[in-house]
Amino acid sequence: QPLSWAPEIDGYVQTMALGANGVVYAGGSFTSVGGVPRLNLAAIDPLSAEALPWNAQGDSGRVTNLLARGDTLFVCGTFAQIGGQPRQHLATISTTTGTAYPWDVPLASLDVPYDLLLSNDTLFICGRITSVGGQARNAVASIKVSTATVLPLTADCTPGSTAAQPAKWGNRLFFGSSSGTWGGASTVLEGRALNATTGADLPWPNAGPLSLAVKGDKVYSGSSGIG
């Protein structure tokens, strides 16, 4: 049975993350929550569904994915400024103050990140990306969080290629969907597995698009269709 919790948002929510004390962070494309001005990113009370005072003050660029860890909210999207600071499509924001931390790993201006995945001190980012931290990276990249350093992972795909719906098991990085030119071959909405350190392709069924989840030593995938 649906609960009565229903924030009044004047746009669409693309991503949500659960923070400390049950605070719900919502990102997407909107201008208000319950009549309170909030541009594309908001913190919402888990009981009243009202906007909390926290305000990261982003620009008109939409927020595509969120991850919460401790007092840090990882945010990606098409913004160029957020948390009171210039940040090109990727930022870390204080869950206490709503201000951006000094951590800064910019993407290319026309890149569109889709998803984030956090594994210990490594942040994986994927989407339609071509440059991360000033280094050429197509579709997927990895970043050492503690030093804001771009790691060597480099996928064998051309600029304009995409990856989405990531999951990780051991040193394998899975994507429910990938498109573009990978390994010299044209692909459309295919599942993919990469070495999480180098980016080298690994064997994986090419069905897609898939929703992925990892539990123990198993990767679960779901899609539409029969067979």
Pairwise side-chain contact, Leu194 with Phe175, heavy-atom cut-off 4.5 Å (strictly under):
yes
Under the 3.5 angstrom rule, does the side chain of Ser29 hit a backbone N or O of Tyr12 as a donor-acceptor pair?
no
Donor-acceptor pair, side chain of Asp10 and main chain of Thr31, under 3.5 angstrom
yes
Can you find a heavy atom in the side chain of Gln88 that is under 4.5 Å from one in the side chain of Ser109?
yes
Per the side chain to side chain donor-acceptor pair (under 3.5 Å) rule, what does the pair list look like for residues 120-135, sequence neighbours excluded?
Asp111-Thr130, Asp121-Lys144, Asp121-Ser146, Gln135-Arg137
Is it the case that one hydrophobic cluster holds both Trp103 and Val150, taking links as side-chain heavy atoms less than 4.5 Å apart, direct or via other members?
yes
Give the minimum heavy-atom separation between Ala193 and Pro203, together with the two atoms involved.
CB-O, 4.2 Å
Pairwise side-chain contact, Ile125 with Leu107, heavy-atom cut-off 4.5 Å (strictly under):
yes
Closest heavy-atom contact between Thr187 and Ser178?
OG1-O, 3.9 Å
Does Val112 belong to the same Ile/Leu/Val/Met/Phe/Trp/Tyr cluster as Leu189, with side-chain heavy atoms less than 4.5 Å apart forming each link?
no
If Ile, Leu, Val, Met, Phe, Trp and Tyr residues are connected whenever their side-chain heavy atoms lie under 4.5 Å apart, and connections chain through other members, are Leu173 and Phe74 in the same group?
no
Within a radius of less than 6.0 Å around CG of Leu110, do more than 12 heavy atoms belonging to other residues, nucleotides or ligands occur?
no
When you measure from the side chain of Thr72 to the backbone N and O of Gly70, does any donor-acceptor pair fall under 3.5 Å?
no
May I ask you to test the Val105-Leu123 pair for a side-chain heavy-atom distance under 4.5 Å?
no
Let me check something: do Trp169 and Leu67 share a hydrophobic cluster, defined by ILVMFWY side-chain heavy atoms less than 4.5 Å apart, either directly or through other members?
no
Between Asn55 and Arg38, is there a side-chain heavy-atom distance shorter than 4.5 Å?
yes
Could you state the interatomic distance from CG (Leu90) to SG (Cys76), rounded to the nearest 0.5 Å?
6.5 Å
Return the minimal non-hydrogen interatomic distance between Gly19 and Ala68, and the atom names on each side.
CA-CB, 4.2 Å
Measuring from atom CG of Leu151 to atom CD1 of Ile143, what distance do you get when rounded to the nearest 0.5 angstrom?
8.0 Å
If I compare all heavy atoms of Ile129 with all of Cys126, which pair ends up nearest, and what's the gap?
CD1-CA, 4.4 Å
Other hydrophobic cluster members with Trp5, side-chain heavy atoms of Ile/Leu/Val/Met/Phe/Trp/Tyr under 4.5 Å, chained?
Ile9, Val13, Met16, Leu18, Val24, Phe30, Val33, Ile44
Considering all heavy atoms, the nearest Trp182-Ala155 contact
CZ3-CB, 3.7 Å
Shortest non-hydrogen contact from Ala139 to Cys157?
CB-SG, 3.7 Å
So, taking the atom named CD in Glu8 and the one named CD in Glu50, what distance separates them when rounded to the nearest 0.5 Å?
9.5 Å
Who pairs with Asp104 by salt bridge (charged side-chain N to carboxylate O under 4.0 Å, His left out), at least two apart in sequence or on another chain?
Arg87
Donor-acceptor check, side chain of Asn40 to backbone of Ser60, threshold 3.5 angstrom: yes or no?
yes
Considering residues at least two apart in sequence or located in another chain, which fulfil the salt bridge (charged side-chain N to carboxylate O under 4.0 Å, His left out) criterion with Asp201?
Arg192
Determine whether Asn171 and Asn195 make a side-chain contact, defined as any pair of heavy atoms from C-beta on separated by less than 4.5 Å.
yes
Rounded to the nearest 0.5 Å, what's the gap from CZ on Phe174 to CG on Leu202? Could you check?
7.5 Å
Give a yes or no answer on whether the side chain of Thr64 reaches the backbone of Pro113 with a donor-acceptor pair at less than 3.5 Å.
yes
Taking only residues two or more places apart in sequence or in another chain, which ones pass side-chain contact (heavy atoms from CB on, under 4.5 Å) with Ala136?
none
Going from CG on Leu116 to CG on Asn65, what distance comes out if it is rounded to the nearest 0.5 angstrom?
4.5 Å
Taking ILVMFWY side chains as joined if any heavy atoms are under 4.5 angstrom apart, and letting links pass through other members, which residues group with Trp54?
Val23, Tyr25, Leu41, Leu52, Val63, Leu66, Leu73, Val75, Phe79, Ile82, Ile93
Asp156 side chain to Gly199 backbone, donor-acceptor under 3.5 Å:
no
Nearest 0.5 Å, please: how far is CD in Glu190 from OG in Ser179?
8.0 Å
